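To start, the structure itself, in structure tokens.
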Amino acid sequence: RDDLVTILTEPKNSVVKQYKALFKMEGVNLEFEQEALETVADQAVKRGTGARGLRSIMENIMIDIMYDLDGSQKGTTITVTKDMLH
């Protein structure tokens, strides 16, 4: 589980860093609570996909958040919490 969280956050082109950069282009700061990252890792373990499934799980989570993004949120911070994950 800890290794999967590291894979999500540490590499230069990690999924989390890619989403942060994408949101930054829209003028929004994106943060992830540690519990949310651990939940994503748990889902990958539960599905048996391991590291390969992390991107797919993150895409499913982030699609709703990205859909709700509009120009009025510039300069704000969105924090992804465990409660936001379904």
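Fair warning: this is a prediction, and the values are worked out from it, not measured in the lab.
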- Yes or no on side-chain contact (heavy atoms from CB on, under 4.5 Å) for Val5 and Gln34, after CA distance, side-chain angles and deciding distance? CA-CA 9 Å; Val5 171; Gln34 184 66 25; 3.6 Å; yes
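- Val15 is not listed as a side-chain neighbour of Glu59, based on a closest heavy-atom distance of 4.5 Å or more.
- Panel note: side chain Thr76, backbone Gln73; a donor-acceptor pair is recorded below 3.5 Å.
- Contact of the Thr79 side chain with the Glu33 side chain is registered, since non-hydrogen atoms from C-beta on lie closer than 4.5 Å.
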- Task: Starting from the C-alpha separation in whole Å, work towards a yes-or-no answer on side-chain contact (heavy atoms from CB on, under 4.5 Å) for Thr81 and Glu35.
- Result: CA-CA 7 Å; Thr81 66; Glu35 285 183 330; over 6 Å; no
- Message: Determine whether Ile61 and Met84 satisfy the following criterion, side-chain contact (heavy atoms from CB on, under 4.5 Å), listing intermediate values before the conclusion.
- Response: CA-CA 8 Å; Ile61 293 165; Met84 295 170 76; 6.0 Å; no
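- When all heavy atoms of Leu30 and Lys20 are compared, the pair lying nearest together is O-CE, 3.3 Å.
- For the pair Lys24 (side chain) and Asn29 (backbone), a donor-acceptor distance under 3.5 Å is absent.
- Judged by distance alone, with hydrogens and angles left aside, the side-chain atoms of Thr49 form no donor-acceptor pair with the main-chain N or O of Arg52 at under 3.5 Å.
- Scanning all heavy atoms of the two residues, the minimum distance from Leu85 to Ala36 falls at CD1-O, 3.4 Å.
- The two residues Ala51 and Leu4 make their nearest non-hydrogen contact at N-CD2, 3.5 Å.
- A salt bridge links Glu38 with Arg1: the distance from a Lys NZ or Arg NE/NH1/NH2 to an Asp or Glu carboxylate oxygen falls below 4.0 Å.
- Across every non-hydrogen atom of Thr9 and Lys17, the tightest pair is O-CE, 3.2 Å.
- Contact of the Phe32 side chain with the Val16 side chain is registered, since non-hydrogen atoms from C-beta on lie closer than 4.5 Å.
- Using a 4.5 Å cut-off between side-chain heavy atoms of Ile, Leu, Val, Met, Phe, Trp and Tyr, with links allowed through other members, Met25 and Met58 fall into the same hydrophobic cluster.
- In terms of hydrophobic clustering, with Ile, Leu, Val, Met, Phe, Trp and Tyr side chains grouped at heavy-atom distances under 4.5 Å, Ile65 and Ile63 are assigned to different clusters.
- The two residues Thr6 and Pro11 have their closest heavy-atom pair at O-CD, 3.4 Å.
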- Message: Show, in sequence, the C-alpha distance, side-chain angles and deciding distance for Ile78 and Phe23, and conclude whether the side-chain contact (heavy atoms from CB on, under 4.5 Å) test is met.
- Response: CA-CA 9 Å; Ile78 295 175; Phe23 275 66; 4.0 Å; yes
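- Atom-to-atom distance recorded for Lys82:NZ and Asp42:CG is 8.0 Å, nearest 0.5 angstrom.
- Between Met62 and Tyr19, the closest heavy-atom pair is CB-CE2, 3.6 Å.
- The CG atom of Leu54 lies 4.5 Å from the CG atom of Leu8; values are rounded to the nearest 0.5 Å.
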